[in-house]
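Input: a single structure, listed below in structure tokens.
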Amino acid sequence: MVGDWAYLDTAATAQKPQVVIDAIARCYGPDYATVHRGVYERSATMTLRFEAARATVARFIGAATDEIVFVRGATEGINLVAQSWGQRLNAGDRILISALEHHSNIVPWQMLRDRTGIIIDLAPLTADGRIDEAALIAMIRPETRLVAIAHVSNVLGGVADVRRLADAAHAAGALLLVDGCQAAPRLALDVAALDCDFYVMSGHKLYGPTGIGVLWARAEILDSMPPWQGGGAMIETVTFEATSYAPPPGRFEAGTPHIEGVIGLAAAIDYVTGIGIERIHAHEAALVKQARAALSGLNSIHLLGPEDSAGILSFTMAGVHPHDIGTILDDAGVAIRAGHHCAQPLMGVLGVPATARASFGLYNSAEDVDRLVAGLTRVTRIFGITK
Ligand code: PMP
């Protein structure tokens with residue numbers, strides 16, 4: 001429970017622990033100063049904390065500190081890759097994505113396609129709503145330069161076997177980009193073991209602030225990428241004639257950074273690792289199991305996604321629009337998400353206009369699931385559905 005509210009929309013954004021709010025308040029209060037440029041002590045201290053936060057993020061995902069690029073969120077991370085790394089692609093090159101991707105892992109590639117003439121291929125799903133990995137692997141062609149997939153689907157909750165897809169992509173000379181937005185808050189991550197090439201995530205889904213996220217890429221890939229935004233902090237020297245650029249990650253962080261976002265994100269990561277990501281995963285898995293068992297007792301409900309979905313449970317109800325479900329549940333103090341979840345193409349594949357989605361976080365309890373089930377039973381009564 002969050003207060004007296006059953007908050008079941010953590011996949012959209014997580015509620016913030018007090019330690020994160022306190023870290024941001026301290027940052028804006030007694031500690032406040034800019035980073036990287038100040039010659040006075042407070043700025044130097046803030047710079048140390050800012051760079052220590054980068055090291056915290058790096059440890060959290062098993063990366064080297066210089067491979068961590070701070071961005072606005074997963075969306076900006078993917079756009080950065082499309083606009084910078086994407087410059088090396090030519091007409092006829094191919095990018096392979098899956099049918100369950102979030103718009104942020106579709107639209108940047110379409111924009112790149114419209115600029116360059118690349119081709120986007122679409123891997124299908126299995127009957128239970130996972131990426132069909134065998135089919136995806138069979139679709140990797142010599143022209144495929146990048147495979148880009150969600151680690152955990154924000155609609156169906158299925159977990160991709162990243163290592164398997166990385167091996168297949170690399171065998172064909174392609175790279176693998178992983179959208180880790182929904183994985184970072186609930187799966188232990190080690191980018192070296194996953195052997196992917198790019199990994200993106202958003203701070204606000206990881207119990208941290210909005211407006212901050214992470215792009216990780218292998219050092220040699222980041223080194224080879226041109227800057228995407230110009231300005232302060234991303235340069236080595238500037239004259240009116242020419243500019244030389246800073247090495248990564250600074251090359252990709254033009255302008256004054258989101259200082260309190262970075263500090264708040266590190267506080268969130270410390271909080272999550274203090275609890276233990278495996279414990280969070282097991283806790284959410286138990287709640288999903290409880291919800292699946294209870295909801296499968298309501299005839300009108302159709303559960304979507306695989307049995308072992310990670311923290312996320314989408315469903316539809318015969319004869320009731322998900323928005324009506326969401327509104328009636330809201331009256332009962334239960335917050336779920338209803339809509340296309342920024343995955344409109346997936347709705348087409350599922351053959352529904354929208355789904356209702358309950359998603360769990362470390363603060364949810366069995367009582368929240370009970371309230372969800374009671375709320376849905378009320379929906380069936382209001383709509384005159386017999387169970
Ligand atoms: N990918 C996935 C799987 C997501 O769930 C989301 C957020 N719903 C995003 C990308 C985009 O994240 P953001 O809006 O924080 O950039």
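This chain uses plain numbering: 1 for the first residue, then up along the sequence. Counting convention: from 1, in listed order, for ligands and their atoms alike.
Only the side chain of C181 comes within 4.0 Å of ligand 1, counting heavy atoms alone; its backbone N, CA, C and O stay farther away. With a 4.0 Å cut-off on non-hydrogen atoms, H341 does not touch ligand 1 at all.
Here is the list of ligand 1 atoms found below 4.0 Å of a heavy atom in T75: 11 (C), 12 (O), 13 (P), 14 (O), 16 (O). Per-residue contacts place S202 under 4.0 angstrom from the following atoms of ligand 1 (heavy atoms of the residue considered): 12 (O), 13 (P), 15 (O), 16 (O). Per-residue contacts place S104 under 4.0 angstrom from the following atoms of ligand 1 (heavy atoms of the residue considered): 1 (N), 9 (C), 10 (C), 11 (C).
Ranking the protein heavy atoms by distance from atom 8 (N) of ligand 1 puts K205 NZ, 2.5 Å first. In terms of protein heavy-atom proximity, atom 5 (O) of ligand 1 is nearest to Q182 NE2, 2.7 Å. Residue, atom and distance of the protein heavy atom nearest to atom 4 (C) of ligand 1 are H102 CD2, 3.4 Å. In this structure, atom 1 (N) of ligand 1 lies nearest to the protein heavy atom D179 OD2, 2.5 Å.
Judged by distance alone, with hydrogens and angles left aside, the side-chain atoms of H321 form no donor-acceptor pair with the main-chain N or O of P353 at under 3.5 Å.
Ligand 1 lies out of reach of E101, whose nearest heavy atom is not under 4.0 Å from it. Within the structure, ligand 1 lacks C342 among the residues with a heavy atom less than 4.0 angstrom away. The closest approach between H204 and ligand 1 falls below 4.0 Å for a heavy atom of the residue.
A salt bridge is defined here as a Lys NZ or Arg NE, NH1 or NH2 lying under 4.0 Å from an Asp or Glu carboxylate O, and R130 with D308 meets this definition. Note on E253 versus R54: salt bridge recorded, some NZ/NE/NH1/NH2 to OD/OE distance being below 4.0 Å. The pair R49-D31 meets the salt-bridge criterion, since a charged nitrogen lies less than 4.0 angstrom from a carboxylate oxygen. R163 and D190 are not joined by a salt bridge, as no carboxylate oxygen comes within less than 4.0 angstrom of a charged side-chain nitrogen. With respect to R218 and E67, no salt bridge is recorded, no charged nitrogen being found less than 4.0 Å from a carboxylate O.
For Y245 and F252, the distance between ring centers is not under 6.0 angstrom.
For the 3.5 Å distance criterion, the side chains of E284 and N364 fail to qualify, holding no donor opposite an acceptor.
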